[in-house]
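Taking it in order: structure first as structure tokens, then the write-up.
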2 protein chains.
Amino acid sequence: MDQLDIKILNALQDDASLSIQDIANKVGLSSNPCWRRIKKLEDDGVIAKRVALIDPNLVNLGVTVFVFLKTENHSKSWLDMFSRSVAAIDEIVECHRLSGANDYLLKIQVSSIDHYDSVYKKLVESVTGLTDVSSSFSMEKVKYSTSLKL
Amino acid sequence: MDQLDIKILNALQDDASLSIQDIANKVGLSSNPCWRRIKKLEDDGVIAKRVALIDPNLVNLGVTVFVFLKTENHSKSWLDMFSRSVAAIDEIVECHRLSGANDYLLKIQVSSIDHYDSVYKKLVESVTGLTDVSSSFSMEKVKYSTSLKL
DNA sequence: GATGAAAGCTGCTGTCC
DNA sequence: GGACAGCAGCTTTCATC
């Protein structure tokens, strides 16, 4: 992966709808080698996938909630169960196991406080052994990006 | 936005490299009306953008850190300054102003603990008035998705 | 060993029904 | 919403440095 690949990745991270010609012009290559580099980056898995990002406010999912969980159970089987429950709840868009005071962090996209409450109920019904569930609402998205600094 | 639009959006959220023909087949439409619906969803801003997602592990940015901030200054001008500083640090991929015990939550992608430390230093140098900076490392990505539940 | 030019062909975009 | 036509852009092959 050289400078040209990084330029290509930066262009595609920012806008995956660009034509190969557009990208080739941006990075100073003709379209054929540019296409081959992109194909290699896809084959190698560096470009994991291409997705469309939807404006949450326009589909009535403009409320982001972060939920911090603590559990009394740290077994592998509990994590498996927890993992399946989290995967089954569509409103949960991210879940991380953390170091530090909290065991897990969830990021949730919902339409309203009531909607969040229904997700909360789904969660505590399907997951046993939680000793703490505390939530913070996002008041303002100061920054949001899916681009990595290469 | 009817059921067909939702089907189209779900397909594109999952894989934006699908051809219009592919999507048309999936949702049971011929290609032209399918294309017109996609164009309208783009023009309306429902489809905000199309991006390539890069595998963080393959570009040496596999370490995710969450940072919780508290500030003693809650003025508009402080937020403006803070916002600019956050925007200037590429490793910070998300920043939310929160309700609850912490004022701000950052999500950071770095290569190592040392790399995180350099981001930490950049942050505390460029932002004054922080009274608490505590970080948690993500040990495991239990779930990650950019798709919204429509 | 990678780039550039050119050809074929798939699939996008616009008009008409 | 569907059918069709024109055309832009993707993908492949071949020659070149």
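Labels below follow one simple rule: chain letters A, B, ... track the order of the sequence lines, proteins then strands, and each chain is numbered from 1.
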What is the distance from [atom1] of [X] to [atom2] of [N], rounded to the nearest Å?
{"X": "B:Asp22", "N": "C:dG11", "atom1": "CG", "atom2": "C1'", "value": "10 Å"}
{"X": "B:Lys40", "N": "C:dT13", "atom1": "NZ", "atom2": "P", "value": "17 Å"}
{"X": "A:Ile20", "N": "C:dT10", "atom1": "CD1", "atom2": "P", "value": "17 Å"}
{"X": "A:Ile38", "N": "D:dG9", "atom1": "CD1", "atom2": "P", "value": "14 Å"}
{"X": "B:Leu12", "N": "C:dC12", "atom1": "CG", "atom2": "P", "value": "11 Å"}
{"X": "B:Gln21", "N": "D:dG2", "atom1": "CD", "atom2": "P", "value": "13 Å"}
{"X": "A:Leu18", "N": "C:dC12", "atom1": "CG", "atom2": "P", "value": "17 Å"}

Side-chain contact, heavy-atom cut-off 4.5 Å: [X] with [Y]?
{"X": "A:Phe66", "Y": "B:Phe68", "answer": "no"}
{"X": "A:Ser135", "Y": "A:Tyr116", "answer": "yes"}
{"X": "B:Lys70", "Y": "B:Asp103", "answer": "yes"}
{"X": "B:Leu58", "Y": "A:Met1", "answer": "no"}
{"X": "B:Ser77", "Y": "B:Met81", "answer": "no"}

Margin query: Strictly distance-based, threshold 3.5 Å: is any side-chain N or O of A:Asp114 a donor or acceptor partner for the main-chain N or O of A:Asp117?
Written below: no
Checklist line | Helical bend (five base pairs per end, nearest 10°) for the helix from C:dG1-D:dC17 to C:dC17-D:dG1 | finding: 30°
Next item on the list: Kindly indicate, with the supporting measurements, whether the criterion side-chain hydrogen bond (donor to acceptor under 3.5 Å, both in side chains) is fulfilled by A:Asn73 and A:Ser75.
Entry: CA-CA 6 Å; A:Asn73 191 325; A:Ser75 68; 2.8 Å; yes
Next item on the list: Would you tell me if any nitrogen or oxygen in the side chain of B:Trp35 comes within less than 4.0 Å of OP1 or OP2 on C:dC12?
Entry: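 B:Trp35 to C:dC12 OP1/OP2: no side-chain N or O under 4.0 Å.
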Check: What string of B, S and - do you get for nucleotides 2-8 of chain C, 5' to 3', if B is base contact, S is sugar-phosphate-only contact and - is no contact with any protein heavy atom under 4.0 Å?
Finding: -BBB---
Check: side chain to side chain contact (heavy atoms under 4.5 Å, CB included) with B:Ile38: which of B:Leu9, B:Asp43, B:Ile8, B:Val46?
Finding: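 Between B:Ile38 and the candidates, side chain to side chain contact (heavy atoms under 4.5 Å, CB included) is satisfied uniquely by B:Ile8.
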Item checked: Smallest separation among heavy atoms of B:Ser136 and A:Ser99, with atom names ->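 Nearest heavy atoms, B:Ser136 then A:Ser99: OG-O, 2.9 Å.
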